[in-house]
Amino acid sequence: MARTHTTTLPVIALPQGTVLLPGVVQRIPVSSNRPDIASLLAAVYTRAASKTPNGRIDTVPIACIPLASPLIGPNGQLLIEDAAESDSSSSSSRNKDAAVDPAKITSAADLYGWGVAAKITGVEGRGTGEFTLLVEGVARIRVEKLLRDKAYLEAKIVYYPEETPRAPDSDLVDLFQHLKTLSREFVGILRLSSILPRPPGAAPGLSPLLARRLDLFIARQKHPGALADFMANIVDCSYEEKLQVLALLDIKERVAKVIELLDRQIGNIKNSIKITAITTTTTIPLPDPDAPGNEIERIIRPGRLPRQPPVKLNNSGSPFPPPGFMSQSGSGDGHADDDSEEPNEIDELQKRLDAARLSPEAAKVADREIKRLRKIHPAQAEYAVTRTYLETLAEIPWSATTDDRLGPDTLTKARKQLDDDHYGLDKVKKRLLEYLAVLRLKQSINDEVDTQIKKAEEELSAIEAAEGKGSSKEGGDNANAPDPSAEEKAKAAARLEVLKSRRMVDKSPILLLVGPPGVGKTSLARSVAMALGRKFHRISLGGVRDEAEIRGHRRTYVAAMPGLIVQGLKKVGVANPVFLLDEIDKVGGSSVHGDPSAALLEVLDPEQNHTFTDHYVNIPLDLSRVMFIATANSLDTIPAPLLDRMETIYLPGYTTLEKRHIALQHLVPKQMRVNGLAADQVVFTEDVVDKIIESYTREAGVRNLEREISSVLRAKAVEFADAKDAGQPERYNPRLTVADLERFLGIEKFEDEIAEKTSRPGIVTGLVAYSSGGHGSILFIEVADMPGTGTVQLTGKLGDVLKESVEVALTWVKAHAYELGLTPSPTHNIMKERSIHVHCPSGSIPKDGPSSGIAQAIALISLFSGRAVPPTMAMTGEISLRGRITAVGGIKEKLIGALRAGVKTVILPAQNRKDVRDLPQEVKDGLEIVHVSHIWEAIRYVWPDAQWPGEEGRAAEPVASRL
């Protein structure tokens, strides 16, 4: 008998008719009428938190004690002789008559005198306030005294650990072999039950696969006591008989008792030709000699046999070993059938991990987790967590890549692909073609280096082979002599390392496309992926407020999952896709959930993203081969450190000419297909498209333009359908005219300014580019004077910058009034007895920006001198107090709008000469563009025939203002 010891444990009174045996895992349902178990569980959690750093509850032992039976004494002796012969139904009826509520135990007499020390292996919730405890029996115990000073029961108990007999007992060996024979015969009968017909409503028999597993388990069992407990738990016997088995400490007596139960069960089945199904719903662990002992066994069961991995039982009560058990049986007693054997879940997962070609660090982690998974029971929550993690590792593309289309015609095909998908956007196309060219050059260099590496490896292999032959022939005194081949081997190895270091590594660019909505940023990224031949994935960052959405959740949280980056890699299945980070300017800022924009710093840093670590995966991932393309509408909300990591490309929007081309080549054919019209049933002209662009849309992109074209086509579809239904298709006119647009689209939404045909002093034509992007027009600046005290009135909804431009222009004119011939003397104030009013028409439209300074100055000079400015001349540029004309933006849009408005001559700052090169040839041919660097140059060009008193000495070079 093993050494016993006494302790105090919290007690769970098992439900009526339930007996837990050592080595068995039992589910105990807990509802609202069992507050004692809830209190006990809370106490277990508290003790676990103070006992171990990780707070594992399976380190805190508890006692599971069945209810007492009136037919069995406290030590397992029969009180009624015929109790064993009565069937289980009559026994159950007697127990029901004397039923005791397990939650209301009043004395030790209500409990059986024997039980098991157990550990809680899991808690399964049902989401309705109820839950289920998973408890595993560890050792037999005897109840000494029951304590009731807490919300749950406690008992002073005595441990009776089971030990292996030191000397072989021939009687026990014979009994053990007999038990094995009967057990396998019992399993065979249960297997036969699945073949024979069963009456309706009968429990299903044991499946062949399950029977083979049980048969194999029984054949390999080496511990008589464990096998006796196993068979006692599944054989059909009464509650009192299970209590008797629980109270039998002697292994021989226990084995003999179980043999008696099996004999009776098998005899009943054979006599009545009735297959009895197993009715238990417990899970029984199988032996695992390699599994390390847990903390309970080390403390309270120092001499216990190695614990066994659990066998789960299906819904019909049939037990089966855990996943991975059958993989241990490559051969045996001839019961395994490889043809019908179902694939093992863990082995399949291992194959997937092997096929994923993990990185060395990831492979090390995966091996460790696989070993842990094999030792975890599938019913435990951690089993699903670990399996999901390993499946994630298997799905991440660690080394799988898409071969780039790099060949002699690579650039030609990529250029054609981009031109077919998008019109204009030359900067983005140029940058992509540069990347492709660099990638192709790197690949050619790597091909040459790979050839040299292969040659160097062959030389090193030859040296090693020669060294092996030489060492086998040498001996005696030459054994310690220096080997000349060692030096050659070292040189060859060093040469090989140098060649490997010469291989060029591709680092994909990180681009940021900035522009207003509708200019094609998202579709352009998709075209980039198509041109490269890579897979494409879009990640929408708009509204992301949690850092964990980027970097993933830690595995300690319930329902943890990887971040958006790792999920995207899993979806595309390759390590070098094109990732579109859409709306990066709308990522949330710092909050209680972290800062997602800060989490993107590592993702978008070329020097760091080769070791990006997701919180869930917790293994470095190489993102350097991923081509990131981010889109944004504005740079104002992007943090400066994040903006610094990306290569910014501005998409200012489409011009009117580009919109016309896009509409005729792409939008009109697309919408005709959408609206069920053939190509010859509606004819769009350039005039119609221009009218829609100028009078019905004002945007940077083409979304509203596409909507208006769709509206026109739907109206034409109605006309065509009416004419066809009326049997008069000849009445339908497929050609669209400008006059039809007002009938289809309503009155014009926008009206552009047209250049005046006559001129008068104080009116100048300026140029404006609308903030919506892609659209420009002319803007009249009107200046009037009146008697007054020198005040200046500004109207037209002008912004602060535009007001300051008026003040600067007026100051320059006042300072140079004598030189311009506007005052009789240098000391005379031109504004002394007058006031002026500056107005810009279209007063409902806000106007602002530093681009009208030169126009304001020319307008003031025109008013004060009485000289009119030619109506077909427009100008743009900012003026300084020294009279210098500085550069402005939006030149392309402004000049296209000027040409459309009838302007013939445009005055631009000299610093904007470079912007004229990007203008369409149609604009260059239709406008006379003049570049000036000083206001005096503009004055001489506007009024070439005028003579100015202060003009002497300024013809060669402008002189700085005296201010």
Side-chain angles (χ1 to χ4, degrees), residues 17-24 66 69-73 75-95 112 114 171-172 174-194 196 198-199 202-206 211 214-215 217-219 221 224-282 284 313 316-319:
T18 302
V19 178
L20 178 64
L21 295 172
V24 175
S69 170
L71 308 179
I72 299 293
N75 294 321
Q77 69 275 18
L78 283 174
L79 300 181
I80 302 177
E81 287 298 329
D82 62 345
E85 299 177 359
S86 60
D87 58 11
S88 58
S89 59
S90 59
S91 175
S92 299
S93 63
R94 285 192 296 268
N95 290 341
Y112 188 51
W114 291 88
D171 295 337
L172 180 59
D174 294 339
L175 286 173
F176 186 34
Q177 291 301 325
H178 189 196
L179 177 63
K180 278 189 174 184
T181 302
L182 287 177
S183 299
R184 297 179 66 175
E185 182 181 357
F186 178 64
V187 171
I189 294 177
L190 291 179
R191 180 178 181 180
L192 183 63
S193 68
S194 62
L196 297 177
R198 294 183 299 273
L206 197 63
L214 276 175
D215 189 79
F217 161 65
I218 294 169
Q221 181 61 260
L227 182 59
D229 289 334
F230 178 89
M231 298 309 297
N233 190 68
I234 65 173
V235 74
D236 186 14
C237 61
S238 65
Y239 177 64
E240 287 76 13
E241 288 170 335
K242 289 188 177 181
L243 293 180
Q244 283 185 298
V245 174
L246 177 62
L248 290 175
L249 297 180
D250 186 83
I251 297 178
K252 285 197 294 185
E253 294 180 4
R254 193 188 319 157
V255 172
K257 179 63 177 178
V258 175
I259 288 175
E260 177 187 344
L261 297 177
L262 280 171
D263 269 331
R264 187 185 68 195
Q265 176 77 5
I266 295 172
N268 290 339
I269 293 175
K270 289 181 178 180
N271 292 333
S272 61
I273 318 176
K274 177 182 177 183
I275 307 301
T276 305
I278 304 174
T279 57
T280 179
T281 57
T282 59
I284 302 96
L313 292 117
S316 65
S318 303

**OP:** Go through the steps to decide whether Leu182 and Ile259 satisfy the test side chain to side chain contact (heavy atoms under 4.5 Å, CB included), and finish with yes or no.
**Re:** CA-CA 7 Å; Leu182 287 177; Ile259 288 175; 3.5 Å; yes
Original post:
Rounded to the nearest 0.5 Å, how far does CG of Leu243 lie from SG of Cys237?
Top reply: 9.5 Å
Original post:
Between atom CG of Asp250 and atom NZ of Lys257, what is the distance when rounded to the nearest 0.5 Å?
Top reply: 14.5 Å
Original post:
Leu246 and Trp114: which non-hydrogen atoms are nearest, and at how many Å?
Top reply: CD2-O, 3.6 Å
**OP:** To the nearest 0.5 angstrom, please state how far the CD1 atom of Ile218 sits from the OG1 atom of Thr181.
**Re:** 10.5 Å
Subject >> Nearest non-hydrogen partners of Phe176 and Val255, listed with the distance >> reply: N-CG1, 4.4 Å
**OP:** Would you sort out whether Phe230 and Leu179 count as a side chain to side chain contact (heavy atoms under 4.5 Å, CB included), showing the intermediate values?
**Re:** CA-CA 11 Å; Phe230 178 89; Leu179 177 63; over 6 Å; no
**OP:** Determine, stepwise, if the pair Leu21 / Val19 fulfils side chain to side chain contact (heavy atoms under 4.5 Å, CB included).
**Re:** CA-CA 7 Å; Leu21 295 172; Val19 178; 4.3 Å; yes
Subject >> Closest contact, heavy atoms only, Ala232 versus Lys242 >> reply: O-CE, 3.6 Å
Original post:
Roughly how far, to the nearest 0.5 Å, is CD of Gln265 from CG of Leu262?
Top reply: 8.0 Å
Original post:
Quick check: does any side chain N or O of Asn268 sit under 3.5 Å from a backbone N or O of Arg264, one acting as donor and the other as acceptor?
Top reply: yes
Subject >> Side-chain donor/acceptor of Lys180 to backbone N/O of Gln221, under 3.5 Å >> reply: yes
Original post:
Nearest 0.5 Å, what's the CD-CD1 distance between Gln244 and Ile72?
Top reply: 4.5 Å
Original post:
Heavy atoms, side chains only, cut-off 4.5 Å: are Pro224 and Leu172 in contact?
Top reply: yes
Original post:
Sequence neighbours excluded, which residues qualify as side chain to side chain donor-acceptor pair (under 3.5 Å) partners of Gln177?
Top reply: none
Original post:
To the nearest 0.5 Å, how far apart are CG in Leu175 and CZ in Arg254?
Top reply: 12.5 Å
